[in-house]
Visitor: 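Quick one: the structure is below, questions incoming.
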Amino acid sequence: MNLQALDLMLGQKGTVNPKELSPLALAYIGDAVYEMLVRTTVLTGGNAPVNRLHKTARDMVNAKAQAEFYFRVAEELTEEETAVFRRGRNAKSYTTPKNVDLMDYRHATGVEAVFGYLYLDGKMERAIDLFRLGMAELIEK
């Protein structure tokens with residue numbers, strides 16, 4: 001473990017090289033990054049009971065929602081991001097999704113891998129831009 005890795009939280013490129021990590025490791029951290037963006041967005045909608053905030057966030061971070069997110073941003077991904085997405089989507093997970101379409105689950109893993117990659121590469125601004133792009137039509141409703 002390395003506490004210098006916490007510099008990533010400040011948007012600085014860290015000591016972890018995302019190109020050396022497995023796509024599932026990227027998805028592991030990317031899941032947290034994506035959830036943080038969703039929760040922050042939900043919270044800015046105003047004060048509400050925590051269970052309502054949680055339900056709103058949950059509806060935005062499930063596999064189906066993340067798969068739909070991918071299709072809204074797919075054409076905006078760089079070649080590098082697309083390659084990371086494909087690695088994540090095609091990774092063999094040892095868990096079986098419950099109550100979720102397998103392709104939605106794989107697309108969600110690809111999205112999470114992209115967010116993990118961008119975060120670990122110190123490109124949070126790009127991650128936020130992608131998030132805004134993918135969520136714009138949902139948030140404005």
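Residues: numbered from 1 along the sequence shown. All values below come from the heavy atoms of this structure, side chains included, with hydrogens, waters and symmetry mates left out.
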Visitor: Can you tell me how far CD of Gln66 sits from CG of Asp104, rounded to the nearest 0.5 angstrom?
Guide: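 Rounded to the nearest 0.5 Å, the CG-CD separation comes out at 10.0 Å.
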Visitor: List the steps and the verdict of side chain to side chain contact (heavy atoms under 4.5 Å, CB included) for Val73 and Val114.
Guide: CA-CA 12 Å; Val73 300; Val114 169; over 6 Å; no
Visitor: Considering non-hydrogen atoms only, spot the tightest contact between Ala65 and Met60 and give its length.
Guide: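 What the structure gives for the nearest pair is CB-O, 3.5 Å.
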Visitor: Closest heavy-atom contact between Leu53 and Ala48?
Guide: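 It is CD1-O, 3.8 Å.
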Visitor: Applying side chain to side chain contact (heavy atoms under 4.5 Å, CB included), run through Leu130 and Leu77 and close with a yes or a no.
Guide: CA-CA 8 Å; Leu130 273 179; Leu77 296 177; 3.7 Å; yes
Visitor: Please assess Arg126 against Asp121 for the test side chain to side chain contact (heavy atoms under 4.5 Å, CB included), listing each intermediate value before the final yes or no.
Guide: CA-CA 10 Å; Arg126 172 62 177 158; Asp121 205 31; over 6 Å; no
Visitor: Counting N and O atoms only, with roles assigned by atom type, does the side chain of Asn90 sit under 3.5 Å from a partner on the main chain of Arg86, one being a donor and the other an acceptor?
Guide: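 Side chain of Asn90 to backbone of Arg86, a donor-acceptor pair under 3.5 Å: yes, one is there.
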Visitor: For Thr41 versus Phe131, what's the shortest heavy-atom pair and its separation?
Guide: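 Looking at all heavy atoms of both residues, the shortest contact is OG1-CE2, 3.3 Å.
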Visitor: Quick one: do Ile128 and Glu125 satisfy side chain to side chain contact (heavy atoms under 4.5 Å, CB included)? Show the steps, please.
Guide: CA-CA 5 Å; Ile128 291 168; Glu125 189 171 331; 5.8 Å; no
Visitor: For residues Gly110 and Phe85, report the shortest heavy-atom separation together with the two atoms involved.
Guide: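 Closest heavy-atom pair between Gly110 and Phe85: C-CD1, 3.3 Å.
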Visitor: Between Lys123 and Glu80 (salt bridge meaning N to carboxylate O under 4.0 Å), is one present in this structure?
Guide: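 Salt bridge present between Lys123 and Glu80.
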Visitor: If we only count heavy atoms from C-beta on, is the Arg132 to Asp129 side-chain gap below 4.5 Å?
Guide: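 Counting from C-beta outward, Arg132 and Asp129 do come under 4.5 Å.
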Visitor: Hey, could you give me the CG/CD distance between Leu133 and Glu75, rounded to the nearest 0.5 Å?
Guide: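 Taking CG in Leu133 and CD in Glu75, the distance rounds to 10.5 Å.
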Visitor: For the backbone of Thr78 and the side chain of Glu81, can you confirm whether one donor and one acceptor N or O come within less than 3.5 Å of each other?
Guide: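 Indeed, once roles are kept as given, a pair shorter than 3.5 Å links the two residues.
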Visitor: Using side-chain heavy atoms (C-beta onward) and a distance below 4.5 Å, is Leu21 in contact with Tyr28?
Guide: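 They are not in side-chain contact.
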Visitor: Parallel, tilted or perpendicular: which describes the rings of Tyr34 and Phe69, with under 30° parallel and over 60° perpendicular?
Guide: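 Aromatic pair Tyr34/Phe69 classed perpendicular.
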Visitor: Ala91 and Pro23: which non-hydrogen atoms are nearest, and at how many Å?
Guide: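 Nearest heavy atoms, Ala91 then Pro23: CB-CG, 3.8 Å.
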Visitor: Counting only heavy atoms not in Arg58, do more than 12 fall under 6.0 Å of its CZ?
Guide: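 Yes, enclosed.
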Visitor: Can you label the angle between the Phe71 ring and the His107 ring as parallel, tilted or perpendicular, going by 30° and 60°?
Guide: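 Phe71 vs His107 ring planes: tilted.
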Visitor: Atom CG of Asn51 and atom OG1 of Thr56: how far apart are they, to the nearest 0.5 Å?
Guide: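 Reported to 0.5 Å precision, the distance equals 9.5 Å.
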Visitor: Over all heavy atoms of both residues, which pair between Lys92 and Leu24 is shortest? Give the atoms and the distance, please.
Guide: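 Answer, listing the atom of Lys92 first, then Leu24: O-CD1, 3.6 Å.
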Visitor: Count the heavy atoms of every other residue, nucleotide or ligand shown that sit under 6.0 Å from CZ of Arg39, and state whether that count exceeds 12.
Guide: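 No, not enclosed.
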Visitor: Would you kindly confirm whether Tyr70 and Met103 end up in one hydrophobic cluster when ILVMFWY residues are joined by side chain heavy atoms under 4.5 Å apart?
Guide: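 No; Met103 is not reachable from Tyr70 via cluster members.
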